[in-house]
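Worksheet: one structure, shown below.
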Amino acid sequence: MPVGPVRAVRGRAAHRERGLQRSPCLRHGRLFALGARSPYFPRPLEGRKARPRTRLEPTTMEAKPGPDLERMRHSCSHVLAAAVLKLFPDAKLGVGPATDTGFYYDIQTSVPLTTEDLPKIEAEMRKIRERKLPLVRSEVPVADAVAFMQKTGQSFKVELLELLATRGSTAAKGLEDPNLVDAGAGGVSSVSFYTLGDFTDLCRGPHVEHTGQVGAFKLTKLAGAYWRGDSRNPQLTRVYGTCWANEQDLKAYLHRLEEAEKRDHRKLGTAMGLFHIQEEAPGTVFWHPKGWTLFRTIERYMRSRLEADGYAEVKTPQLVDRIFWEKSGHWENYRDAMFVARPGKEGEEEDRLYAIKPMNCPGAVQIFRQGQRSYRELPLRLAEFGACHRYEPSGALHGIMRVRAFTQDDAHIFCTEDQVPAESRKFCDLLRVIYRDFGFADLLVKFSDRPEKRAGSDETWDKAEAALEKGAKTAGLETVRNPGEGAFYGPKLEFVLRDAIGRDWQCGTLQVDFVLPDRLDASFIGEDGAKHRPVMLHRAILGSFERFIGILIENYAGRLPTWLSPIQVRMVPIADRHVDFAREVARRLTASELPQTDGGIRVDVDDTAERMQKKIRNAQLEQIPYMLVIGDKEAEAGKVAVRLRSGRDLGTLAVEDVIARIRAETETRADIVDPPAPQQAPNQAKAP
RNA sequence: GCCGCAGUAGCUCAGGGGUAGAGCAGCGCAUUCGUAAUGCGCGGGUCGGGGGUUCAAUUCCCUCCUGCGGCACCA
């Protein structure tokens, strides 16, 4: 029942619900509003075609909720509220809008709601639906509305009414209601009520005619939600529900949820033997051999791309005196989120307090500051696979996606102001190539400009924004404006990629920084012989390795492309007498030099006492791209029978041919010989 | 951090005030097999930690930890 949206909930892309919620770097509400006009890359990059990808979603329904479905869901939230009020007469209502897949209502009760209440509420809702109660709209003067809500004890509604009366909008936390821009600064003089039986709610509407038109629904979960999205406010109980035109659609939706769950990187990652997390180290990852192989493969790849693009790699200390962080400004802003460390000796005189680095940039500045820099050295690109620690709030932790220790593919480019556009462009080009190599074709770029609270003069910001914009433009990027969301020190581009099931993940960033060089006194000698401040570009492409690997796992549902697979080939000897030959083939594969690898093709031998069928089954379950079967025929001919994880049989090949295939495949970083079968049309960037 | 839920074998899960169970995995033996599960046998648990109630707690209560779903946060 949004009187005015408390959050921007107008977007409708299917990915919103699950995608953004799992994409912790996004300002949710903000992107929702932007989702409607996503300028994905206007044209495909030359060279390689986007890989076809499997796609679970969406049904037509979910892709295009349409006004009817949305209206129905909105009405369903009123039915929910009416049911709750019947069961809990003292309940105070907050807001209850429709969402992408259903609705919710924020409710405060004297006795907290529990999941056991949900079936009771559902039953009550069904009764209301059966009674086909009309939803009747009425226009009410604000004063009367306030009086009514006061009388019925609906204090949150009173608060909303007061906001409407004074501001004409209920928008919270700077989220403006696009539908109310014309309301002007003044407030409204009357509001609309909707009455459903003996339940009357403040609401803008529209609604279905009667409750019998509400479709198949199910209450799905309970969660706390701060009133008006502000953690200083009391927390209400948010009852979530999903609602569909009919039972079939509801079932289909629940099924899709299950399917998406199967991609969960926490489940898959553990099952694939990549990593684990345990209680004693919350929010930090134990990388197992296979997971670390994947990590290193990505790192090696990134390193080669960066080197080719003129970056030099550095490594800066983990542990730096607190004083340093005070200088950089981090202590002041992020002290609560920083880990600190003291020497273990107790009672010693020296009692310096160190902090584990939460970011790499101040360290990079120190390297820049050593000796005297010349303009001839610029742009100086310093890359660091920096391991950072941040004490993230416990509730934010999520598998390896949101952790307290992570490794960024970070780099800092020191340059002149004039060089910013060219450097931006160069970076955007690199980023696109890299995303493409990982199989992501869809990209959304946000341009976050000056925030209200900022450092630097307006002229500086004009320059910085213009430079960044020019860079984006020359890189051929279309951007969505993300007003007021820049860093306090400068504007940023934010790169959001879309995965195989349509979820968005913000990964890359490019930030222009005029502040830190000044704070940490970085300078270079210009052509004119005078000292100048460099501009600093902060940039990352993957974001964090941990999170990006999580995204890869979910995107590919564990079925990583060959170049990324920790094990690329599984030798399957049919009987014990074939093991020796299998081992020999494995040695030859290992000895073959693949691009981007340390040790050639990654292969292992299944020499267990299992039957060949079982070995193949195991290899399938492990999603190993190549299975090389060896029996009497192969051993005799010195060849191998090649099976792909798609189930395709390539027949019997010479070992050299297999090596050549895998080499070609890893060079192009695509599954050439074993393309995943698209379940539906390849993912298209839809303009909702 | 806040609200709700959960924690039982390596994994998935059942059970329940009176010495804990299945499937898979593991180990052993047999089998040596032609493209997604060979058979038989064996071992395995402070029932997340601490405290309380009780003759007796894995089960009930309190508390802490961790995880899950949201909210808030995300340099």
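Values below: all heavy atoms of this structure, side chains included; hydrogens, waters and symmetry mates excluded. Note that the structure is predicted; figures quoted are calculated from it, not measured. Below, chains carry the letters A, B, ... as their sequence lines are ordered, and counting in each starts from 1.
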- Message: Wobble G-U and Watson-Crick pairs count when both distances are under 3.5 Å; given that, what is the 5' to 3' dot-bracket string of RNA chain B, with | for pairing to other strands?
- Response: (((((((..((((....[..)))).(((((.......))))).....(((((..]....))))))))))))....
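- For the segment residues 267-275 of chain A, the set of residues with a heavy atom within less than 4.0 Å of an atom of RNA chain B is empty.
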Distances under 3.5 Å only, N/O to N/O: pair up the protein atoms with those of nucleotides 39-41 of chain B.
none

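- A:Arg390 has its CZ atom 19 Å from the P atom of B:G1, to the nearest Å.
- With sequence neighbours excluded, the residues that form a ring-ring contact (aromatic ring centres under 6.0 Å, His included) with A:Phe368 are A:Phe414.
- Using a 4.0 Å cut-off between charged nitrogen and carboxylate oxygen, A:Arg577 and A:Asp632 count as a salt-bridge pair.
- Among residue pairs with one or both ends in residues 383-392 of chain A, those qualifying as side-chain hydrogen bond (donor to acceptor under 3.5 Å, both in side chains) are A:Thr316-A:Glu384, A:Lys357-A:Glu384, A:Glu392-A:Arg402; sequence neighbours excluded.
- The pair A:Glu610-A:Arg617 does not count as a salt bridge, with every side-chain nitrogen at least 4.0 angstrom from each carboxylate oxygen.
- Shown for residues 608-619 of chain A: residues whose heavy atoms fall under 4.0 angstrom of RNA chain B, namely A:Ala609, A:Glu610, A:Arg611, A:Met612, A:Gln613, A:Lys614, A:Ile616, A:Arg617.
- Residues meeting the side chain to side chain contact (heavy atoms under 4.5 Å, CB included) test with A:Arg611, sequence neighbours left out: A:Gln613.
- A donor-acceptor pair shorter than 3.5 Å cannot be found between the side chains of A:Gln108 and A:Trp227.
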- Summary of protein contacts for nucleotides 61-68 of chain B, nucleotide by nucleotide, where a base hit scores B, a sugar-phosphate-only hit scores S (4.0 Å, heavy atoms): ----SSSS
Cut-off 3.5 Å, no hydrogens considered: what does the side-chain donor-acceptor table look like for residues 334-341 of chain A, sequence neighbours left out?
none

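- With sequence neighbours excluded, the residues satisfying side chain to side chain donor-acceptor pair (under 3.5 Å) with A:Asp321 are A:Arg352.
- Partners of A:Gln623 by side chain to side chain donor-acceptor pair (under 3.5 Å), not counting sequence neighbours: none found.
- Residues that satisfy the side chain to side chain donor-acceptor pair (under 3.5 Å) test with A:Lys327, not counting sequence neighbours, are absent from this structure.
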